[in-house]
Number of protein chains: 2
Amino acid sequence: MGTTQAANGTGTATAPEPKYWHLRTVLVRALDSEFGTGEVLPNERDLSARFGVARATLRQALDQLELEGRLVRRRGIGTVVAAPRMGVPVSEASEGWPGTGRDSWRIVDAESAPAPASVCAALGLPADEAVHTVRRLRMMHGQVIGAETLYVPESVVPHVPAIFAKSSVADSSRARSVLRQLQRLELDGESRSVELGVAEEQQAQLLERPPGTPVLVLTTRYQAEGRTAALTVSTYRADTCRLTFGASGIVDVTPAAAEVRTAS
Amino acid sequence: MGTTQAANGTGTATAPEPKYWHLRTVLVRALDSEFGTGEVLPNERDLSARFGVARATLRQALDQLELEGRLVRRRGIGTVVAAPRMGVPVSEASEGWPGTGRDSWRIVDAESAPAPASVCAALGLPADEAVHTVRRLRMMHGQVIGAETLYVPESVVPHVPAIFAKSSVADSSRARSVLRQLQRLELDGESRSVELGVAEEQQAQLLERPPGTPVLVLTTRYQAEGRTAALTVSTYRADTCRLTFGASGIVDVTPAAAEVRTAS
DNA sequence: CAGTGGTCTAGACCACCCT
DNA sequence: GGGTGGTCTAGACCACTGA
């Protein structure tokens, strides 16, 4: 076990670059030149043998590439080359309340109940005040790309037809009712934040990914009538999404991403 | 080696939750209740022994927590509890050109040279057209939180006093000159995108993190005189930063992040 | 120097998918 | 069943930090 690890592949001996990092570089080049979207890579045991490293080391390189959204690994299937990230438009204040546009959403469920403390705080409410909660999935090109939870205080949208039978039809109509009433308010503005998170069990399931999957967490506060009238927390798959702001229209431009480098 | 792995800790036997994921949950609870920012955790060998798992398994859990920005690990030092993420204001169109505000920036270098193809494409230029390139670091609370590269075509800002001696003073004056001239143009608007990336060697060094560190890549296109007059690519440390948009003023509000959960 | 996290190995078993 | 990725182990050495 544990051979000496000293000789580390590059041959230069000047900089002790980790094997997995070098491997990643090699694979990036291969991905750029020899593989197309959707192609399946050789399995991990073969690859590790081919590169003369332990499987764990190869996996460390693949982990990086998956984080970068270049690969998708599926248990029982294999490792395939991922499509370039999708540009996901984040609507601007001028475009109104969430989900008004031409985005495709799928209602998951809806309810009216006391909100968790963190949500009440963000909405400027006393703890445990009742809020409407709507959960929905954002779809794009037939795929789930994000999960959103919308919170609206009952003091903003008071009455929603109470259908007690818990069914997807009832949820759906409740959700539509909340959204409809929200859109009657004049929207004064909004503020957003984006950060990195990981999907917990629930979200992970909605996003069709394993727990721990990195996500972009987009939090939006909607201002109306001089207060925070609604709050959304959206988690987008970090591997497949690029959130775009104010890019009204053109979205499919490849950004000059991290690997920008001067010719010097 | 490799004991049977069958009994997996939870005791329930109903759901085969991975050990490292369960460990993460345990550690999250411990961090929330028993540790304060800056406190040092026991070392990995002790922790793995205490939890009765291999060190690699413990590390898998710590990797997750580091990705979430809850921990910072430093070679030779130890693992410490991270401070909550900083809210990093991303200036709005109304606030003008980059770096105009009260943000703290530190010039790294500046030059005028043919741009890489991806940059030219994003700027709508023929390949290899000359652009001014300014690299600078964004500081906050005395820490480096991001690295930004600003690209401005020479056709937008033509002459910059040519100082051929390559020095930090010369770079700095060149950079200021470019920014000053940019600010004379009327800014029509801007479009942004945010995505997840990993820091390559160069960026990683600027951000004082190891290569492979996850970053939020913020790409901004500035519109002026009916064209894309400038492009910035900023990489922010994903573990310490939460990008905020249009939150003019209040920034230090804890967002209702991924772990939002209804009481149901 | 001793102590810490970072990398690497060889081998094992598990969960899942498809045929 | 046979193949794939996912998890786990025990042990080793390396690179960095600070006394």
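Because the structure is predicted, anything quoted here is derived from the model rather than measured. Numbered from 1 within each chain, the chains take letters A, B, ... in sequence-line order.
The distance from atom CG of Asn43(A) to atom P of dG6(D) is 12 Å, rounded to the nearest whole Å. Rounded to an integer number of Å, the gap from CD of Glu44(A) to C1' of dC16(C) is 14 Å. Protein atom CZ of Arg209(B) is 13 Å distant from nucleotide atom P of dG5(C), rounded to whole Å. We find that CZ of Arg75(B) is positioned 12 Å from C1' of dC13(D), with the value rounded to whole Å. Atom pair Ile77(B):CD1 and dC16(D):P shows a separation of 13 Å (rounding to whole Å applied). If you measure from atom CZ of Arg73(A) to atom P of dT4(D), you get 14 Å, rounded to the nearest angstrom. One atom, CD of Glu17(B), and another, C1' of dG6(D), lie 14 Å apart when rounded to the nearest Å. Protein atom CH2 of Trp21(B) is 12 Å distant from nucleotide atom P of dC8(D), rounded to whole Å.
One finds no side-chain N or O of Arg74(A) lying less than 4.0 angstrom from the OP1 or OP2 phosphate oxygen of dT4(D). A close approach under 4.0 Å does occur between a side-chain nitrogen or oxygen of Thr79(B) and OP1 or OP2 of dG5(C). Look at Lys19(A) and you'll find a side-chain N or O under 4.0 angstrom from OP1 or OP2 of dT9(C).
Val233(A) has its side chain within reach of Val217(A): a pair of non-hydrogen atoms, C-beta onward, lies under 4.5 Å apart.
In terms of heavy-atom proximity, Leu67(B) sits nearest to Pro214(B) at CD1-CG, 3.6 Å. Pairing each heavy atom of Ala238(B) with each of Leu196(A), the nearest pair is CB-CD2, 3.7 Å.
For the pair Gly78(A) and Tyr20(B), nearest-nucleotide mapping onto DNA chain D gives the more 5' position to Gly78(A).
Scanning atom types as modelled, no donor and acceptor separated by under 3.5 angstrom connect the side chain of Arg45(B) and the base of dG3(C).
Salt bridge annotation for Glu148(B)-Arg138(B): absent, with no cationic side-chain nitrogen under 4.0 angstrom from a carboxylate oxygen. A salt bridge is absent between Arg237(B) and Glu208(B): the closest approach of a Lys/Arg side-chain nitrogen to an acidic carboxylate oxygen does not fall below 4.0 angstrom. In this structure, Asp32(A) pairs ionically with Arg70(A), as a charged nitrogen and a carboxylate oxygen lie closer than 4.0 Å.
Within 6.0 Å of the CD atom in Gln205(A), the count of heavy atoms belonging to other residues, nucleotides or ligands does not exceed 12.
Counting only heavy atoms from C-beta on, Pro18(B) has its side chain closest to dC8(D) among dG6(D), dC8(D), dT7(C).
Within residues 47-67 of chain B, the residues approached by DNA chain C to less than 4.0 Å at the level of any non-hydrogen atom are Arg55(B), Arg59(B), in residue-number order.
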